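Read through the structure below, which is laid out as structure tokens, and then see the notes.
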Amino acid sequence: MSIVDKGKEAVQGIAQAVVKKAVELAPGALLPGGRPDPLIRRQHGHIGKPVSRVDGPLKVRGAAPFAAEVALDGMVYAALAYSTIARGRIAAIDTALAEAAPGVVLVMTHRNAPRLNPPPRFLTGDKAAAGDDSPIMQDDRVRWNGQPVALVLADSQEQADHARSLIRVTYAEEPAATSLPTADGCEVGTFMGEPLRAVVGDADAAFAAAPNKVEAVYRTPRHNHNALELHAATLVWRGDELFVHDATQAVAHTAWSLAQIFGLEEAQVHVGSPFVGGGFGGKGLWPHQILAAAAARLAGRPVRIVLSREGVYRAVGGRSPTEQRVALGADADGRLTAIIHRGVTPKTRHSPMPEPFILPTQSAYAAETIALEVQTCYLDMVANTFMRAPGEAVGTVALECAIDELAERLGMDPIELRILNEPDKDPISGRPFSSRNIVAAYRAGAERFGWDRRNPVPRSRREGEWLVGMGCATATYPYHRMPGGAARITLDAAGRARIDAAAHEMGMGTATTHTQVAADRLGLPLEAVSVRYGDSSLPGVILAGGSQQTASVGLSVMMAHQELVGELLKLAGNDSPLAGLGVDEVESADAGLRKRDEPDRFESYASILARSGRSELAVESSAPMPLETMHWSMHSYGAMFCEVRVNAVTGETRVSRFLGSFDCGRIINPKTAASQFRGGIIMGLGLALMEETQFDERNGRIMTRNLSDYHLPVHLDVPEIDVIWTDIPDPHAPMGARGIGEIGITGTGAAVANAIHNATGRRVRDFPITLDKLL
Amino acid sequence: MGITVNGTAVELPDDPRVSLLDLLRDGLHLSGTKKGCDQGACGACTVLVDGQRILSCLALAVQYEGRSVTTIEGLGADGALHPLQQAFIEHDGFQCGYCTPGQICSAVAMIEELRRGVPSHLTVDLAAAAIPCSRDELRERMSGNLCRCGAHNGIMDAIATTYPAETHPGAAE
Ligand code: FES
Ligand code: FES
């Protein structure tokens, strides 16, 4: 990390500390969220209804335009060549054959690439987007095995791919750090400016003195997002303005960051990304968009770049591996006296964060003493990055397996052990929980799943060749709402509303849920509301990440609605039944405003606009700083239940039943929410049983660079997955809803591992649990 | 002679390296057929050739001279959605929608395979006239179509409700 970067992170840390202090001194009622969102109480609106996706008809017809599906006149196709060493210099690069190949328009290497500023690394500024801040094709340095070293533009993809194969690179190789023992230094990791370390009391001493204890090391491998849509961009320069059709989770961040890289004003870069074919943390700003834009400028032609599947593995980072030691000490009754969760994970000098696997442990259990720490070691590899529930996905694997191991040691039911250690406030920060109903989720889940049929004695149920077992684990993911939320509401003369926000639709149901929320907010039928998103020209800096988009957009629309009501009252004037009323006295209903306690005093939006001679009324507002998370400990929760069948002969594991019982606040759309939950759980099944990016520690090269060698769950691996939820609104979250996009992958790995242990008596701590480990 | 795509005759590409997938997407702008790997590993590029499902990324366009290709754009009749497309919406058989055209084309042909009595890896009685179609039998037959968003349950529900006769006779659920 450079001194500048250290400085930036330190500044962020100081700023957070100042805000924290201010918040602690402020009375709760003054905080955003202190007065609950009125929609929380609304019972008979669109929220809570299983509305089918508004973009469904487009998607089932294959008519939703993804980034690689925009055709531009004169467009050329890009192909990339990647380094085959982990560290060193490009000694020579022969591009003559490629340049002479049919259809080739440009071959770009570090020798002729335009001069670019380094990509702003994500988290170093409020709109920084890059997953890697290494200079892109600016020098002869090779920083990881798979770094793009040349780009070809040609009239067709076939021509570009062929020409790329003709490029010959000679390297001057240097010793590289490609395994933990050869790491280029280790230190305590930081995440969002805070050290990944927490200490309450003397956990080591308490652990040593505990009458009951377990201690083990758990390992999780590298993972890749493997969104089915390949990373792609179609882009064109018009004069000094850059237009990018991107596949990204961060349109506003990407526009600003590209402007920095190319030395432009932010307004000169336009990024659109209306549909994203899966993101999971992987669709940010990576070298391919930057290189394509640079090449388009050199060639003076529009460019389409689509990474090959191998290219995605080479140029886009994934989740880092972890080695986590968990030690739990408990008294005779099972009360935790010590939680120790420490471990190590590699990162690069250029990536935004180490995999923060201690995060779930921070708020999990009441314990007298706690010691948490992430050590990070620097390797030469593709920059590791955020992948669905960074921290929690793999952190819960270790913690929740350890809890299961402790329950067995104590002879206790693992659910009862968890409930016994349920904290009444956040164990580290001391803040109250905004809403935590994890016990209710466990009780409801246990009953529905038939937990009482589980035999606590491992390997006690056998059906023919199959050993059958059940396991459970806690799921948890924090509520986030990042600064930068904004939205615009535009009412037209017919009383229809359009919501504009620079949000994203990667399959989470963004367009659908916000149509529902805005319809309730404005008192409109669903058909009268449309939502525009996925474009950097729209209001807000809204990351589709951290399961925060719904809260960010939802609160922004709520703020804009308040302003809209004020504007409408002004326009209504003295001839309206609403004359003389203030904002707090009216509410939206039936496509207009009415007095709260005198519903006959009503005027429709259309009537107000018509009388004032307006064809439309637009109001834009931004969400206040997310101070609610500084006042309350806010998390989504789940109780995960799994039944497995393990073949006693082959060691093969089949997941036969799975239930997720969630406590995530109010559920806005049960249909799309169930899909989000299931999608996370299925990725968790992959994490448990098959997913692993294999990395050659001798040369830093990823070996599983396709969808045949990296195993994803397929249809036959996925049973019917049952999902239920408490639906208890969180009074401190917009609409009462906390995030649901990431929690499904948390807890799932441990629930599977615990079920396998119950089935077989084997405790596998090295993930994924492939059949060879059960023989 | 060229290829027929969704009922329209189109010319073969000049470059014999062009896959059927790239012909559809880049040449004809029929981008409903998706590219998820270009290596035959994901199923996103599934199209129907004379009613049978193939991976268009593994097919050279010039090999398909004289054949009739149906893509997702050609599945519904007269602009209306095919019943399976409608069922995907009802049962939320997708999230991002990127695997969806491939899943739908694959399922349409898979049902024909069931009707013809084509066995799968899971089929126990290879001689049976009608294959008892359990959920696992369906899952096995759709396992070549990956979905990273995890819409598997909705996809199965959509297929089963659209084709009750084919997917339920003697189903060993
Ligand atoms: S794109 Fe053809 S199988 Fe993946
Ligand atoms: S819906 Fe996204 S990959 Fe299937």
Side-chain angles (χ1 to χ4, degrees), chain A residues 50 52-53 55-66 68-69 71 77 156-159 161-162 225-230 275-280 306 308-309 505-509 671-672 674-676 678-683 706-708 712-721 744, chain B residues 13 15 17-19 22 25-26 29-42 44 71-73 75-76 81-82 84-86 88-101 104 122 135-136 138-156:
Chain A
S52 290
R53 290 170 196 272
D55 51 6
L58 270 187
K59 285 179 172 175
V60 298
R61 291 195 336 256
F66 290 88
E69 297 168 0
Y77 296 79
S156 75
Q157 191 66 55
E158 286 73 19
Q159 291 169 329
D161 290 342
H162 174 64
H225 313 82
N226 284 312
L228 213 55
E229 179 202 25
L230 297 161
F275 295 97
V276 183
F280 317 115
V306 182
S308 64
R309 184 53 68 181
E505 173 58 274
M506 316 189 286
M508 309 89 86
K671 188 182 274 197
T672 54
S675 291
Q676 282 277 76
R678 290 195 178 101
I681 289 168
I682 292 165
M683 211 177 267
N706 57 57
L707 296 178
S708 309
L712 306 180
V714 303
H715 280 289
L716 193 57
D717 298 317
V718 179
E720 198 73 43
I721 292 172
Chain B
D15 187 340
R17 295 172 300 188
V18 174
S19 66
D22 280 356
R25 283 173 67 82
D26 296 343
H29 303 299
L30 290 171
S31 53
T33 307
K34 303 301 182 192
K35 184 185 283 189
C37 69
D38 218 16
Q39 294 174 316
C42 76
T71 70
I72 190 75
E73 290 92 345
L75 214 54
L81 293 182
H82 185 282
L84 186 58
Q85 289 174 312
Q86 191 62 48
F88 263 64
I89 298 175
E90 293 302 319
H91 294 277
D92 217 31
F94 55 92
Q95 293 191 47
C96 76
Y98 200 79
C99 72
T100 313
I104 291 173
L122 283 190
R135 265 295 159 103
D136 272 353
L138 268 191
R139 289 186 179 117
E140 163 65 16
R141 287 166 187 266
M142 289 299 293
S143 282
N145 287 85
L146 301 182
C147 175
R148 187 51 157 171
C149 296
H152 305 79
N153 287 179
I155 293 169
M156 285 301 132

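Chain naming here is simple, since letters A, B, ... match the order of the sequence lines and numbering starts at 1 in each. Not measured: the values here are computed from a predicted model.
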For this session: Starting at CZ of A/R678, measure out to NE2 of B/H152 and round the result to the nearest 0.5 Å.
Result: 12.5 Å
Exercise. Roughly how far, to the nearest 0.5 Å, is the CG atom of B/D22 from the CD atom of A/E158?
Worked result: 4.5 Å
For this session: Could you check A/L716 against B/L122 for side chain to side chain contact (heavy atoms under 4.5 Å, CB included), going step by step and ending with a plain yes or no?
Result: CA-CA 11 Å; A/L716 193 57; B/L122 283 190; 4.1 Å; yes
Problem set entry | B/R139 side-chain N/O to A/D717 backbone N/O, donor-acceptor pair under 3.5 Å | no
Exercise. For B/H91, does its backbone N or O pair with a side-chain atom of A/K671 as donor and acceptor, under 3.5 Å?
Worked result: no
Exercise. After noting the C-alpha distance and the side-chain angles of A/R61 and B/L81, does the key distance pass the side chain to side chain contact (heavy atoms under 4.5 Å, CB included) rule?
Worked result: CA-CA 8 Å; A/R61 291 195 336 256; B/L81 293 182; 3.3 Å; yes
Exercise. Sequence neighbours excluded, which residues qualify as side chain to side chain donor-acceptor pair (under 3.5 Å) partners of A/Q676?
Worked result: none
Would you say [X] and [Y] make side-chain contact, with heavy atoms under 4.5 Å?
| X | Y | result |
| --- | --- | --- |
| B/C37 | A/N706 | no |
| B/C99 | A/E229 | no |
| B/R141 | A/H715 | no |
| A/L230 | B/K35 | yes |
| A/S675 | B/F94 | no |
| B/R148 | A/L712 | yes |

Seminar exercise, completed: Heavy-atom nearest pair, A/G278 first then B/C96, reads N-CB, 3.4 Å
Problem set entry | Atom of A/L228, atom of B/A44 and distance for their closest heavy-atom approach |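 Heavy-atom minimum between the residues: CD2-CB, 4.3 Å.
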For this session: Flag the pair A/E69 and B/R25 as a salt bridge only when some basic side-chain nitrogen lies within less than 4.0 angstrom of an acidic carboxylate oxygen.
Result: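 Judged by the 4.0 Å cut-off on N to carboxylate O distance, A/E69 and B/R25 do form a salt bridge.
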Problem set entry | Top contributor to chain A interface from B/S19, B/G40, B/A41 [non-hydrogen pairs under 4.5 Å] | B/A41
Which region of [X], side chain (C-beta onward) or backbone (N, CA, C, O), has a non-hydrogen atom less than 4.5 Å from a non-hydrogen atom of chain A, or is it both or neither?
| X | result |
| --- | --- |
| B/I89 | both |
| B/Q85 | both |
| B/I155 | side chain |
| B/T100 | side chain |
| B/I104 | side chain |

Problem set entry | Region of A/E505 that comes under 4.5 Å of a non-hydrogen atom in chain B | neither
Problem set entry | Engaged part of A/P719 at the chain B interface, taking heavy atoms whose separation is under 4.5 Å |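 The backbone, not the side chain.
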Problem set entry | Results of side-chain contact (heavy atoms from CB on, under 4.5 Å) for A/T672 - residues two or more places apart only |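 side-chain contact (heavy atoms from CB on, under 4.5 Å) list for A/T672, sorted by chain: A/R53, A/T513, A/N669, B/D92.
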Problem set entry | Leading residue by heavy atom contact count with chain B [cutoff under 4.5 Å; candidates A/V718, A/I721, A/L707] | A/V718
Problem set entry | Max heavy-atom pair count under 4.5 Å with chain B, selected residue of A/D161, A/V60, A/D55, A/V714 | A/V60
